[in-house]
Participant: 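Structure provided below as structure tokens; questions to follow.
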Amino acid sequence: MTVESSNDTIDISQLPKHFDATAAEAKFQALWSDLGIFRYDPSKSRDETFAVDTPPPTVSGSLHVGHVFSYTHTDIIVRYQRMLGKNIYYPMGWDDNGLPTERRVQNYYHVRCDPKEPFEEGLELKQVSSAERKKPPRIISRPNFIDLCTTLTMEDEKVFKDLWQRLGLSVDWSEEYSTIGKFCRTMAQLSFLDLFKKGHVYGAEGPTMWDVDFQTAIAQAEVEDREVDSAFHDIRFGVLDSDETYVISTTRPELLPACVGVTFHPDDDRYKHLSGKKALTPLFHTEVPLFPSTLVEPDKGTGILMVCTFGDQTDVQWWREEKLGLKQIILQNGRLANIAFGKNGWESRSPDLANAFYSQLAGKTLKQARSAIVDMLQSAEGAAGGNEPPLVGSPKQIRHAVKFFEKGEKPLEFIITRQWFVRLLDKKDQLLRKGEEIKWFPGFMHSRYRDWTQNLNIDWCISRQRYFGVSFPVWYRLDGEGKPDYENPILGKKEELPVDPSTAHPDGFSEGQRGKPNGFMAEPDVFDTWFTSSLTPQIGSHWVLDEERHRRLFPMDVRPQSHEIIRTWGFYTIAKAMLHEDEIPWKNIKISGWVLDPDRKKMSKSKGNVVVPAELLEKFSSDALRYWSGNARLGVDTAYDENIVKIGKRLVVKIYNASKFVLSQKGAVSDISCELDRAFVDRLRKVVGTTTEQLNVFNFSGALSTVESFFWNSFTDTYVEFSKMRAWGGEGIEPKDQGSAIAALRLGLEALIKMFAPFIPYICEEVWSWRFAKETGIGSVCIAPWPKEEDYRDIPLPESPKSLDTAGAVYSAINREKSDNQLSRGAYIEKITLSAAPATIALIETIANDVKGAVRCDSWELIPKDGLDEEAIELSNMQVRERK
RNA sequence: GGGCGGGUAGCUCAGCUGGCAGAGCACCGGCCUUACAAGCCGGGGGUCACAGGUUCAAAUCCUGUUCCGCCUACCA
């Protein structure tokens, strides 16, 4: 095993005193790029490949340490897999599709999109001044609008890319995509065509959750509850052809004109005699059915309530089940429509009165309408029966949860519109089974998926009334009156994707027939952004377009993501893979927690508690930030703690110094023959095993802590100290078994550098470049083989597995003695007496030379003493000598 | 209301397939020691949220309580 002597690489002693992280980051990014070692090799088989379904970040969002955190987690796993020899598929996408981008573009260029506008070839716009922003916006076509969005998002993408590269993400930059790019649009449209062919999508007109500001439909997954102030209003209703009255309770009095029924619990003695009769509404004098329903809670409000089209989801249910009339008074912009009572569908016992009241509401926002109608209800004239004011008492303030679009500012309304849906409600069991086939890390995150899937109650609404998105590849024929035939849509042709139906026309028609009777019209909507991003595995594998590649990448090995999008990105991706190919999209899903601010609050731009990564990278280095990321357990929300970053930085310094020390040893290496060296290698072997097991189950924080404590406790603070005197000698101590010591030190360092490399690649690459690169012929630690326990099988086991611990115990005991006597740890001991259990004494004798050297002890007397614990070491008669 | 996670040293957290309570930071003391003072050696500090149970043995398993966080439901 004796190989060579001396330093045939760089002169370690000439290395700078301090590690220049910034310089190293630039240097090694260039090296990695030159070597092309992050490239995916499409010729390799599925078994040899490790495919990652990288989350495409939303580029118009703000960049904060949370990005560093979760992307580093994935990079650690990827770097580990690469060192195992896997062919890595690790792409980067940009999610530039969607509302946030639209808003930015509208402001930046001061434009609005109108899909009916004709496309302007070569349109170029610049950022507008604030003065110009006061003028009406320029109206442009959808293709032009999309061009602007694309241009602007490219800038955002650059900022992200710079960060990723500095962080050292080992992404294959030749596999970059953007969700609004041509390729992804093709994929999304292919997906739609496939779902259509398989019967999984349908268009339908019906009450749909609607955001009145964005004026678009949204899906269940984008809804969130918010606690808001509200009030119960008690309103007296009448019974047709009777003097009887009763009081309903509502939080939405403005919907009184849209009242289509009144309901109560069937067992409620107060009201059950009303069943089958007609109610008479105040103000509008409308006859509506009174019917019982078990959904009513008798204890809530007055136990009897009005059903409107539509106040909430239960109203939708009653409307459907009881086949009630439809009175849609809310317009898509959230204002009340112009309605004439007395006409068909808006019958009233007193149309003039009804219209007089309603005219005060028409055109108002829902909020304005609410206060207006409360005023009317407080005056007596509108009562249905009797002359009491319909409003009983004063409104009772409450706080309750109301559904909002997660990006919206006003409560959602249910409005009847035509939308496209993916049918999922009938496939819950199948979806749950797919969830079982996937391994969840951490395991408990699986329950989020399970709960969400079980509680689904609306099919996936995939159409959005927006512009910057992927268009439906769909047109409709118009009949002789110009009415669209929604039942028989014309679909785009696979070969012609991506198609924008607002500029392209379907086969068999000419452009001149657009919008004309007997002609055609484009589907104006775009896909929900999740419709595209739920295809990221297929986008990577080039599903449909390249069967060979698809087979080699799909299902992917791992999906990294955060927990709040399990119900969207995670869920929809599983659904798509199932609907398209009855497959799972990936074998594993690995879920990172959030980064919270130091007070454990979620970071958000509005709270102003966002920690920005750029300056941290500058101040602490990429490795230090990566250390902080790698330190947090998977799936656990983690408060940003600068102390951990500092510890990372210190670890880097320590590795630099320790490596310099170990590699500056000049001397021949020989067999690892000494007991302590063998004991060290034995421990190293175990650490390699543990670390590998941990990384195999994505437990990177455990792995980091295993390697780190081995490095710090076993390597630098003890083992290196033991081998020092032996390798170098010292006052009165001759070097002994130098070759064995140097060999073991290098062996240990090489393994440590490799095991640290996935976490803190820059410092590891630096050390690798000093010697190991040349020695192994491997130009980068990134592709060095991950250490295996078998690598050390030729090195004999130590006499006792306890050697290193016992040496440590003696070392500690003597240091304590020195510390108690206010001596330097480097003080020389002329003579000392050690008492310990006989077995321990025997063990100390086998390692005496190393330990004596480490504690600077010329000679000692060992006294076996029965009755002591194996670990106990008692010292006496310490005699210190002057340094020579 | 249902579900999930968490409560361990002053702080941040690890340990949780049961076996002597751990790390880092902070604090205290010592030390220039020929890799590293951006360092090293040592020290103090805990009713493992609470109550009960299983067990020779519980931070760890079971039951209940409580507090914190998240997911989900709750619009009359």
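Order of the sequence lines sets the chain letters (A, B, ...), proteins ahead of strands, with each chain counted from 1.
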Participant: Would you say the ring centers of A:Tyr627 and A:Phe759 fall short of 6.0 Å from each other?
Facilitator: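 That pair fails the under 6.0 Å test.
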Participant: Mind checking whether A:Trp628 and A:Phe69 have parallel, tilted or perpendicular rings, split at 30° and 60°?
Facilitator: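 Answer is tilted, since the angle falls between 30° and 60°.
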Participant: Which heavy atom in A:Gly303 sits nearest to a heavy atom in A:Asp268, and how many Å separate them?
Facilitator: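 Looking at all heavy atoms of both residues, the shortest contact is O-OD2, 4.2 Å.
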Participant: Of the listed nucleotides (B:rG42, B:rC4, B:rG39), which one gets closest to any side-chain atom of A:Asn815?
Facilitator: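 For the A:Asn815 side chain, the nearest candidate turns out to be B:rG42.
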Participant: When the C1' atoms of B:rG5 and B:rC16 are compared, how many Å lie between them, rounded to an integer?
Facilitator: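 One C1' to the other, the span is 14 Å.
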Participant: For nucleotides B:rC36 and B:rA59, find the distance between their C1' atoms and express it as a whole number of Å.
Facilitator: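 To the nearest whole Å, 37 Å.
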Participant: Any side-chain hydrogen bond (donor to acceptor under 3.5 Å, both in side chains) pairs touching residues 710-720 of chain A, not counting sequence neighbours?
Facilitator: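 Of all non-adjacent pairs touching residues 710-720 of chain A, those that pass side-chain hydrogen bond (donor to acceptor under 3.5 Å, both in side chains) are A:Asp677-A:Tyr719.
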Participant: Do the side chain of A:Lys396 and the main chain of A:Phe232 share a donor and acceptor less than 3.5 angstrom apart?
Facilitator: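 Looks like no, no N/O pair under 3.5 Å.
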Participant: Using whole Å, what does the distance between atom C1' of nucleotide B:rC20 and atom CG of A:Asp805 come to?
Facilitator: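 That distance rounds to 16 Å.
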Participant: Under 3.5 Å, which protein N or O atoms sit close to an N or O of nucleotides 22-27 of chain B? Give each pair with its distance.
Facilitator:
from   : atom 1 : to       : atom 2 : distance (Å)
B:rC25 : OP1    : A:Arg650 : NH1    : 3.0
B:rC25 : OP1    : A:Arg650 : NH2    : 3.0

Participant: What pairs of nitrogen or oxygen atoms, one from the protein and one from nucleotides 30-33 of chain B, lie under 3.5 Å apart?
Facilitator:
from   : atom 1 : to       : atom 2 : distance (Å)
B:rC31 : O2'    : A:Ser824 : OG     : 3.1
B:rU33 : O2     : A:Arg825 : NH2    : 2.8
B:rU33 : N3     : A:Arg825 : NE     : 3.3
B:rU33 : N3     : A:Arg825 : NH2    : 3.3

Participant: Mind telling me whether A:Phe571 and A:Tyr449 have parallel, tilted or perpendicular rings, with 30° and 60° as the class edges?
Facilitator: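 If you compare the ring of A:Tyr449 with that of A:Phe571, the planes turn out tilted.
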Participant: With A:Thr691, which residues qualify under side chain to side chain contact (heavy atoms under 4.5 Å, CB included), at least two apart?
Facilitator: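 A:Thr691 satisfies side chain to side chain contact (heavy atoms under 4.5 Å, CB included) with A:Val687, A:Leu695, A:Ala703, A:Thr706, A:Val707, A:Met755, A:Trp786 once adjacent residues are dropped.
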Participant: Ring centres of A:Tyr762 and A:Phe19 under 6.0 Å apart?
Facilitator: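 No - the distance between ring centres of A:Tyr762 and A:Phe19 does not fall below the 6.0 Å cut-off.
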Participant: Let's see if you can work this out: which of B:rA35, B:rU34, B:rG3 has an atom nearest to the side-chain heavy atoms of A:Val720?
Facilitator: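 Out of B:rA35, B:rU34, B:rG3, the nucleotide with an atom closest to A:Val720's side chain is B:rA35.
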Participant: How far, in whole Å, is B:rU17 from B:rG6 if one measures between their P atoms?
Facilitator: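 Per the computed distance, 12 Å lies between those P atoms.
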Participant: Rounded to the Å, how far apart are A:Met445 CE and B:rC4 P?
Facilitator: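 My rounded result for the distance is 13 Å.
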Participant: Give a yes/no on whether any side-chain N or O of A:Ser812 is located under 4.0 angstrom from OP1 or OP2 of B:rG42.
Facilitator: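 For B:rG42, OP1/OP2 do have a side-chain N/O of A:Ser812 under 4.0 Å.
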Participant: Roughly how many Å apart are B:rC11 and B:rA73, using the P atom of each and rounding to a whole number?
Facilitator: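 To the nearest whole Å, 36 Å.
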Participant: Quick one, A:Arg683 with A:Asp805, criterion salt bridge (charged side-chain N to carboxylate O under 4.0 Å, His left out). Give me CA distance, side-chain angles, the key distance, then yes/no.
Facilitator: CA-CA 10 Å; A:Arg683 181 156 307 174; A:Asp805 289 333; 2.9 Å; yes
Participant: Between A:Arg450 and B:rG3, does any side-chain N or O lie under 4.0 Å from OP1 or OP2?
Facilitator: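 Answer no for this pair, as no side-chain N or O of A:Arg450 is under 4.0 Å from OP1 or OP2.
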Participant: Taking atom C1' in both B:rA49 and B:rA35, compute the distance separating them and give it to the nearest angstrom.
Facilitator: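 My reading of the C1' atoms in B:rA49 and B:rA35 gives 46 Å.
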Participant: In whole angstrom, what separates A:Ile644's CD1 from B:rA14's P?
Facilitator: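 Those two atoms, CD1 and P, are 10 Å apart.
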Participant: May I ask you to check whether A:Phe722 and A:Phe680 place their ring centres under 6.0 Å from each other?
Facilitator: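 When the ring centroids of A:Phe680 and A:Phe722 are compared, they turn out to be at least 6.0 Å apart.
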Participant: Determine the interatomic distance between P on B:rG7 and the same-named atom on B:rC31; round to the nearest Å.
Facilitator: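 One P to the other, the span is 41 Å.
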Participant: Is there side-chain contact between A:Glu766 and A:Trp768, with heavy atoms separated by less than 4.5 Å?
Facilitator: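 No, side chains not in contact.
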Participant: Please tell me if the side chains of A:Asn631 and A:Phe700 come closer than 4.5 Å, counting only heavy atoms from C-beta onward.
Facilitator: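 Of all side-chain heavy-atom pairs linking A:Phe700 with A:Asn631, none is under 4.5 Å.
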Participant: A:Phe444 has a side chain; which of B:rU34, B:rG5, B:rG43 sits nearest to it?
Facilitator: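 The answer is B:rG5, which lies nearest to the side chain.
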Participant: Indicate, with yes or no, if the rings of A:Trp460 and A:Tyr572 have centres closer together than 6.0 Å.
Facilitator: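 When the ring centroids of A:Trp460 and A:Tyr572 are compared, they turn out to be within the sub-6.0 Å range.
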Participant: Please measure how far the P atom in B:rG22 lies from the corresponding atom in B:rG44, and state the result in whole Å.
Facilitator: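 About 12 Å, rounded to a whole number of Å.
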Participant: When we call it a touch if two heavy atoms are under 4.0 Å apart, what does A:Ser705 touch: a base, just sugar-phosphate, or nothing?
Facilitator: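 The answer is nothing, as A:Ser705 stays clear of every strand by at least 4.0 Å.
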Participant: Round to a whole Å and report the spacing from CG of A:Asp623 to C1' of B:rA38.
Facilitator: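 Rounded to whole Å, this separation is 16 Å.
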Participant: Under a 3.5 Å cutoff, is there a donor and acceptor pairing between the side chains of A:Ser701 and A:Arg633?
Facilitator: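 Short answer, no.
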Participant: Whole angstrom is fine here: how far is it from CD in A:Gln454 over to P in B:rG3?
Facilitator: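 So the CD-P distance, A:Gln454 to B:rG3, works out to 12 Å.
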Participant: Consider only side-chain N and O atoms of A:His400 and A:Asp229, and report whether a donor and an acceptor are under 3.5 Å apart.
Facilitator: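 Checked: A:His400/A:Asp229 side chains show no N/O donor-acceptor pair below 3.5 Å.
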Participant: With P as the reference atom in both, quote the distance from B:rU60 to B:rC25 in angstrom, rounded to an integer.
Facilitator: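 These two P atoms come out 29 Å apart once rounded.
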Participant: How does RNA chain B read in dot-bracket, base by base from 5' to 3', with Watson-Crick or G-U pairs under 3.5 Å and | used when the partner is on another strand?
Facilitator: ((((((((.[[[[.)...(..]]]].(((((.......))))).....[[[[[..)....]]]]])))))))....
Participant: Is it true that A:Trp318 and A:Ser293 share a donor-acceptor pair across their side chains at a distance under 3.5 Å?
Facilitator: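 Side chains of A:Ser293 and A:Trp318: pair found under 3.5 Å.
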Participant: Under 4.0 Å, counting only non-hydrogen atoms across every strand here, what does A:Val636 touch: a base, just sugar-phosphate, or nothing?
Facilitator: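 Nothing, no heavy atom under 4.0 Å.
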Participant: Contact class for A:Phe232 (heavy atom, under 4.0 Å): base, sugar-phosphate, or nothing?
Facilitator: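 A:Phe232: backbone/sugar contact only, no base atoms under 4.0 Å.
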Participant: Distances under 3.5 Å only, N/O to N/O: pair up the protein atoms with those of nucleotides 72-75 of chain B.
Facilitator:
from   : atom 1 : to       : atom 2 : distance (Å)
B:rU72 : OP1    : A:Arg567 : NE     : 3.1
B:rU72 : OP1    : A:Arg567 : NH1    : 2.6
B:rU72 : O2'    : A:Asn455 : ND2    : 3.3
B:rC74 : OP2    : A:Lys403 : NZ     : 2.9
B:rC74 : N4     : A:Asp225 : OD2    : 2.4
B:rC75 : O4'    : A:Ala401 : O      : 3.2
B:rC75 : O3'    : A:His400 : ND1    : 3.3
B:rC75 : O2'    : A:Asp312 : OD2    : 3.3

Participant: Just call it for A:Thr716: base, sugar-phosphate, or nothing, with non-hydrogen atoms closer than 4.0 Å on any strand.
Facilitator: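 Base contact.
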Participant: From CZ of A:Arg816 over to P of B:rC40, roughly how many Å is that when rounded to an integer?
Facilitator: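 It is 18 Å, rounded to the nearest whole Å.
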Participant: Just to be sure I understand the rule, does A:Trp712 reach a base, reach only the sugar-phosphate, or reach nothing, if contact means heavy atoms closer than 4.0 Å?
Facilitator: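 Touches sugar-phosphate only.
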